Structures are given as C-alpha cells and as structure tokens.
Amino acid sequence: MENIFRLVRNVIPPLTAKKHKGQDGRIGVIGGCQEYTGAPYFAAISALKVGADLSHVFCTKDAAAAIKSYSPELIVHPVLDIPNAVNEVEKWLPRLHTVVLGPGLGRDEVILEHAKGIIERTRAKGIPIVIDADGLWLIAQHPSIIQGYQGAILTPNLMEFSRLYEAVLRDPMDSNDHHGCVLRLSQALGNLTIVQKGERDLISDGQKVLVCSHEGSNRRCGGQGDLLSGSLGVLAHWAFLAGSEKTNGLNPFLVAAFGACSLTRQCNSQAFQKYGRSMTTKDMITEIGTAFNKLFET
Ligand SMILES: NC(=O)C1=CN([C@@H]2O[C@H](COP(=O)(O)OP(=O)(O)OC[C@H]3O[C@@H](n4cnc5c(N)ncnc54)[C@H](O)[C@@H]3O)[C@@H](O)[C@H]2O)[C@@H](O)CC1
Ligand SMILES: Nc1ncnc2c1ncn2[C@@H]1O[C@H](COP(=O)(O)OP(=O)(O)OP(=O)(O)O)[C@@H](O)[C@H]1O
Ligand SMILES: [Mg+2]
C-alpha cells in the first residue's frame, strides 16, 4: 500500500501563490431531495475540506434551504425538480471539473430521468463523474448510460454492488470471490473504475485490482460513503489532471480512489478514537484536515 500512497501524494497539487480561485477544483454534487439533505451536504463539504476551491450542490427546491443552512460555504442550486433541470445543470458543466451524482438523490422517477440526462451531458463533455448511492440505482436500471465511459467511477456499497452486478452480468455475485466480481463488473461495463466498499475496499478498472485495508473502525454510521464520494470528486480531478506520468503508468482514477478510501478510513479511525460508538459522520468530517496531512503531506 505504501507505494500507492506515494502515487497519491504525486497527484496532489502544491499550494502556491500563483493560483487563482477555482484551479484546485470546482466540484458539482447532484443530489438532495425532500428526504435526504445530509448526504449531498456531506459529499460537498468533504470536497471543500479535502481542498477543492468551490463546491456546488444541485438539488430539489425543498432541499435547498436546509442544505444552505448547514453551510454558507456551499453554492446551492434548487433546480433538480424543475422541468428544465437538465439544461440548467448543463449550463454549469463547463465550470465544473468533476460531477458527483447520487448522494441523497432519492428514487423519484422524474428526478431520476433528469439525473439520466445530466449523466449523458456530463459524459458528452468528457467530465469525470463519480456515481454513488441512488445514482447507482439508476445505473442498475439503465447500465447503457454509463457503459464504456472511462471517465466514470462507481462507488457501490455491498448492497449496491450486488444489485449492479446482477443487472449487468445477469448472475448473482459470488460472495466468496469479491476480487473476481469487481474485475468482471468493471470489464462488463467497459473498464470504468469501480470501488466496492466494505471491510476491505476493492478498486478496479478491469485490469488491476487495488485493495485498501487501511485501518478504520467497526463503527458504520450513515454518511461515510458520502464523505468518500465527495473526497473522490476532488482527488479524481487532481489525478486526471496529473495524468499517468505521475502515477507510474497506473490508471489515475485507481490512484484517486485509493486516496479517497484511505482518507475516509483514516477519518473514521481518528473520530472513533475520540468518540467511540457515538461517532457520527460530522465528527469524521472534522478530522479530514489532520487525516489528510497525516496520510499525504508527511
Ligand atoms: N443523512 C443523509 O441524508 C443520508 C442519506 N443517505 C442517502 O440515502 C439514500 C439511500 O441510500 P442507502 O445507502 O441508505 O440505501 P438503502 O435505503 O437502500 O439501504 C439502507 C440500508 O438498509 C438495509 N437494506 C437495504 N436494502 C435491504 C434489503 N433488501 N434487505 C435488507 N436490508 C436492506 C441495508 O443495511 C442498507 O445499508 C441515498 O440517497 C443516500 O445517499 C445515506 O448516504 C446516508 C446519510
Ligand atoms: N466493514 C468495514 N470495515 C472497515 N471499513 C469499512 C467497512 N465497511 C465500510 N467501510 C468503509 O466505510 C466507508 C463507507 O462505506 P459504506 O459501505 O459504509 O458506504 P455507504 O453504505 O455508501 O455509506 P452511506 O451511509 O454514506 O451511504 C468506506 O470508506 C469503507 O472503506
Ligand atoms: Mg451510500
């Protein structure tokens, strides 16, 4: 694992006086509906805390006020449930480096149809897209939206992975062979990057499988996956920009995903040491700065 940590460090842009706001990352999170306002907040604030300069949330109208009130740092667009949603988001795409689609998106048919359009437009512009949570629900219904797009990174938990696997390979996953299943799913989707989260995170582009077993804790409060997808939004941009010269020929998205997984687990470990069973995702977010320094800036 130590070698891969070195590659993650290689893609992290230095902080210099020569940069203007926006250069280190403008991330757009697509998600947030009446039921779920925490998930897009966790993803978007994590992107900022990891080092993005600007973090946008595109959510439904009734989620926007709540998300804004959690944080003045986020830019919130209440557009996901208007008829013109896809065009409204598309206007912003040229200003975004990465899209993170799914945290708190919900499963309303109309919103999912809009999400489908947003994926298509993001893909057409070649912008990296992290797909998580209800975004993966959508992909399981329509795998062709993402099939063959190597700018996509999917971050399923075990339940989401088995749903996707069955939808794409038309076979139940073999729970004795996670390694083979991740490899096969990535290959079947055209070698896009898959992060199967779990006791060990398995990360594959259909050619290689990286394993992240960095120490976390046994506490599994909701929202940890949102911290991961938001962090990955930034790291994917940095790795994409750095290119494979900086990653020793390894797919930059594998390196970015390894970075986001180890960071999430490090935050989990640090917060658990302080709060034990009462630890929640907010406590993990507070640890992002020190966890990042410990892993990547020593
Ligand atoms: N504070 C928030 O707003 C949060 C919102 N979240 C959002 O919640 C939405 C749903 O995501 P979830 O990951 O909770 O997905 P689900 O609502 O599908 O699953 C929640 C949990 O229920 C259990 N479960 C699900 N299906 C089951 C089945 N068939 N049999 C037995 N147990 C089953 C599993 O333990 C699973 O982890 C997403 O939009 C997600 O982003 C989560 O990210 C957590 C935090
Ligand atoms: N058994 C485990 N042991 C250690 N770490 C784990 C374990 N399961 C998951 N994790 C870590 O927790 C993080 C989130 O994974 P998890 O499976 O909880 O996502 P999720 O279900 O999508 O979360 P969310 O509640 O945000 O939707 C990942 O970084 C993963 O490495
Ligand atoms: Mg999740």
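Source: prediction; values computed, not measured. Whatever order the structure lists them in is the order used to number ligands and atoms, beginning at 1. Numbering of residues begins at 1 and proceeds along the displayed sequence.
Val100 and Gly233 make their closest contact through CG2-CA, 3.9 Å (heavy atoms, listed as atom of the first residue, atom of the second, distance).
For atom 1 (N) of ligand 2, the nearest non-hydrogen atom of the protein is Glu199 CA, 3.4 Å. At the shortest separation from atom 30 (C) of ligand 2 among protein heavy atoms lies Asp201 OD1, 3.3 Å.
Among residues two or more places apart in sequence or in another chain, the side-chain contact (heavy atoms from CB on, under 4.5 Å) test is passed with Lys208 by Asp205, Leu250, Leu254.
By the 3.5 Å distance cut-off applied to N or O atoms, Leu228 is not counted among the residues near ligand 2. For a threshold of 3.5 Å applied to N or O pairs, the pair formed by Asp226 and ligand 2 contains at least one separation below that value.
In this model, no donor atom of one side chain and acceptor atom of the other lie less than 3.5 Å apart for His77 and Glu88. When only modelled atom types and interatomic distance are considered, Gln270 and Thr290 share a side-chain donor-acceptor pair under 3.5 Å.
For residues 45-72, the set of pairs meeting the salt bridge (charged side-chain N to carboxylate O under 4.0 Å, His left out) definition, not counting sequence neighbours, is empty.
Listed as neighbours of ligand 1 are Tyr36, Thr37, Gly38, Ala39, Gly102, Pro103, Gly104, Leu105, Arg107, Ala133, Asp134, Asn157, Met159, Gly223, Asp226, each bearing a heavy atom under 4.0 Å from the ligand.
Those atoms of ligand 2 that come under 4.0 Å of a heavy atom in Gly222, given as number and element, are 25 (O).
Ring to ring, Tyr165 and His178 are not that close: their centroids are 6.0 angstrom or more apart.
The other residues sharing a hydrophobic cluster with Ile75 are Leu54, where clustering joins ILVMFWY side chains under 4.5 Å apart.
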